[in-house]
2 protein chains.
Amino acid sequence: MQVVIPYTTRDPKSRLAGVLDEDERRAFARAMRTDVVRAVRAAGGAPTILTTDADDIDDVDAPVIGDDRALTPAVNAVLDDATSDVSVVMADLALVTPDALRRLFESEGEVVIAPGRGGGTNALVVRHPDFRVDYHGASYRDHQAIADDAGLSVTVIDSMRLATDVDEPADLAEVLLHGAGNARTWLEDAGFELEVTDGRVGVTRSD
Amino acid sequence: MQVVIPYTTRDPKSRLAGVLDEDERRAFARAMRTDVVRAVRAAGGAPTILTTDADDIDDVDAPVIGDDRALTPAVNAVLDDATSDVSVVMADLALVTPDALRRLFESEGEVVIAPGRGGGTNALVVRHPDFRVDYHGASYRDHQAIADDAGLSVTVIDSMRLATDVDEPADLAEVLLHGAGNARTWLEDAGFELEVTDGRVGVTRSD
């Protein structure tokens with residue numbers, strides 16, 4: 001299956017700016033992308049990176065499509081051109097495993113959705129030419145409505161690993177707890193470790 | 001399978017105090033517990049509520065065990081007495097479905113763990129007399145270590161629904177997005193609705 005991995009080089013992971021400077025956020029985003037590309041290949045998918053400017057991508061680990069439009073029109077252009085099933089998997093799923101992706105790829109349904117925490121859509125499989133994406137706002141609900149309006153069957157994947165996109169400092173704890181790839185190693189090398197308090201586990205960074 | 005559902009009546013859901021008063025938190029906790037009990041039964045489990053004082057429980061919807069000790073010794077007392085497999089499922093898993101619980105109950109392994117967001121342990125299956133729980137701190141890691149030390153096989157369940165315990169205001173959005181039971185209805189009746197911002201979806205409450 002063709003697997004499109006949207007990846008931006010423009011101010012990546014901006015909500016981590018409180019704990020990582022811009023160069024670090026760029027390097028961490030690249031580490032997560034590398035993990036996603038590897039997991040996609042291990043699950044039998046053919047990854048393509050979809051980015052705003054193909055010249056901006058360093059350490060290319062998959063074919064690259066450049067499209068300077070926003071996420072929604074750029075992904076829809078891929079769907080316009082598709083002649084077979086397409087999956088869209090976000091580049092910041094640092095907990096992803098081949099097993100989680102196999103569940104996604106092998107689930108039946110004209111549209112398969114893996115919701116992200118907070119109403120997003122972290123991964124999709126599109127098996128019908130009438131479906132188009134809309135990533136603005138609560139895209140999980142919007143994608144269900146778009147599929148319903150087109151009369152398409154929808155399957156929702158119940159996966160903590162696919163639901164965990166890494167946007168905010170609290171998400172870094174999930175990478176340290178459950179990650180097993182470059183992203184976790186990058187965080188550990190940068191001095192991050194788990195901090196256990198009375199409530200949920202957070203992270204702390206050594207100097 | 002015997003399924004123990006720990007449930008406290010002492011200052012329940014204290015981290016929701018900013019958005020719900022004490023009576024509301026008590027009612028919301030009860031709505032979540034009702035959903036969990038129903039899902040456990042629908043998945044073929046035999047639910048028992050484990051609480052600090054059996055006399056404090058109203059609207060009893062399952063057999064009740066009273067134990068005034070903290071969560072860890074109270075659950076371990078159940079494990080001490082167990083003569084067959086025991087599952088422990090937290091009462092605040094408002095997104096739980098019979099399908100998610102069937103995956104838990106049917107997974108192989110002497111210990112089966114469904115991690116919660118932030119390093120907790122939201123659900124367990126214990127199939128070996130040597131395993132004991134320790135819910136303090138990052139219990140997901142501790143439970144893996146306890147099983148490893150005892151030479152027990154561990155299976156980890158990758159479920160967003162089991163990973164989502166409801167502790168903080170941001171978690172309420174998940175209930176509105178993915179819940180389908182009493183807890184979601186309770187929140188809607190209390191005036192909560194999704195609020196879509198640029199980042200993740202949150203909640204707002206009408207007067």
Side-chain angles (χ1 to χ4, degrees), chain A residues 13-15 93 95-104 113-123 134-144 155-165 167-168 170-178 180 193-203, chain B residues 13-16 95-104 113-123 134-144 155-165 167-168 170-178 180 193-203:
Chain A
K13 296 293 116 196
S14 54
R15 281 186 275 164
L93 305 187
L95 274 54
V96 77
T97 57
D99 278 350
L101 287 171
R102 276 185 212 106
R103 281 176 60 206
L104 175 76
I113 305 178
R117 183 170 170 82
T121 303
N122 283 358
D134 180 356
Y135 282 103
H136 190 75
S139 68
Y140 170 65
R141 286 205 159 169
D142 293 341
H143 287 147
Q144 286 192 313
T155 301
V156 177
I157 301 288
D158 174 24
S159 165
M160 180 268 289
R161 291 185 174 278
L162 296 179
T164 308
D165 48 331
D167 287 323
E168 300 177 357
D171 302 328
L172 301 181
E174 304 302 321
V175 181
L176 292 175
L177 281 160
H178 302 290
E193 55 188 59
L194 290 175
E195 181 177 49
V196 178
T197 58
D198 281 346
R200 287 173 176 165
V201 170
V203 294
Chain B
K13 298 292 116 196
S14 56
R15 281 187 275 165
L16 292 175
L95 275 54
V96 78
T97 57
D99 278 351
L101 287 172
R102 275 184 212 108
R103 281 176 60 206
L104 175 76
I113 305 177
R117 183 170 171 82
T121 303
N122 284 357
D134 180 357
Y135 282 102
H136 189 75
S139 68
Y140 170 64
R141 287 205 160 170
D142 292 340
H143 287 147
Q144 286 193 313
T155 301
V156 177
I157 302 288
D158 174 23
S159 166
M160 181 268 288
R161 291 186 176 277
L162 296 179
T164 308
D165 48 331
D167 287 322
E168 300 177 356
D171 302 328
L172 301 181
E174 305 302 321
V175 182
L176 292 174
L177 282 161
H178 302 289
E193 54 189 61
L194 290 174
E195 181 176 50
V196 178
T197 58
D198 282 346
R200 287 173 177 164
V201 170
V203 294

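Every chain is numbered from 1 and lettered A, B, ... according to where its sequence line falls, protein lines coming before strand lines. Values below: all heavy atoms of this structure, side chains included; hydrogens, waters and symmetry mates excluded.
- Looking at B:R117 and A:D171, a side-chain N of the basic residue comes within less than 4.0 Å of a carboxylate O on the acidic one, giving a salt bridge.
- Ring pair A:H143/A:Y135 is perpendicular by interplanar angle, where above 60° counts as perpendicular and below 30° as parallel.
- There is no contact between A:A173 and chain B, counting heavy-atom distances below 4.5 Å.
- For chain B, the nearby part of A:R141 is the side chain; its heavy atoms alone come within less than 4.5 Å.
- Here B:D158 is the residue among B:L176, B:D158, B:T164 with the most heavy-atom pairs under 4.5 Å with chain A.
- Side chain of B:N122 to main chain of B:A114: no donor-acceptor pair is present (N/O by atom type, distance under 3.5 Å, no hydrogens or angles).
- Evaluation of the salt bridge (Lys or Arg N to Asp or Glu O under 4.0 Å) rule for A:D142 yields no partner, not counting sequence neighbours.
- With a 4.5 angstrom heavy-atom cutoff, A:D167 touches chain B via backbone and side-chain atoms both.
- For chain B, no part of A:L95 is nearby; none of its heavy atoms comes within less than 4.5 Å.
- Taking chain B as the reference chain and counting heavy-atom pairs below 4.5 Å, the highest number among A:A170, A:A100, A:A138, A:G202 is found for A:A138.
- Looking at B:E174, its side chain does come within 3.5 Å of a backbone N or O of A:G118 through a donor-acceptor pair.
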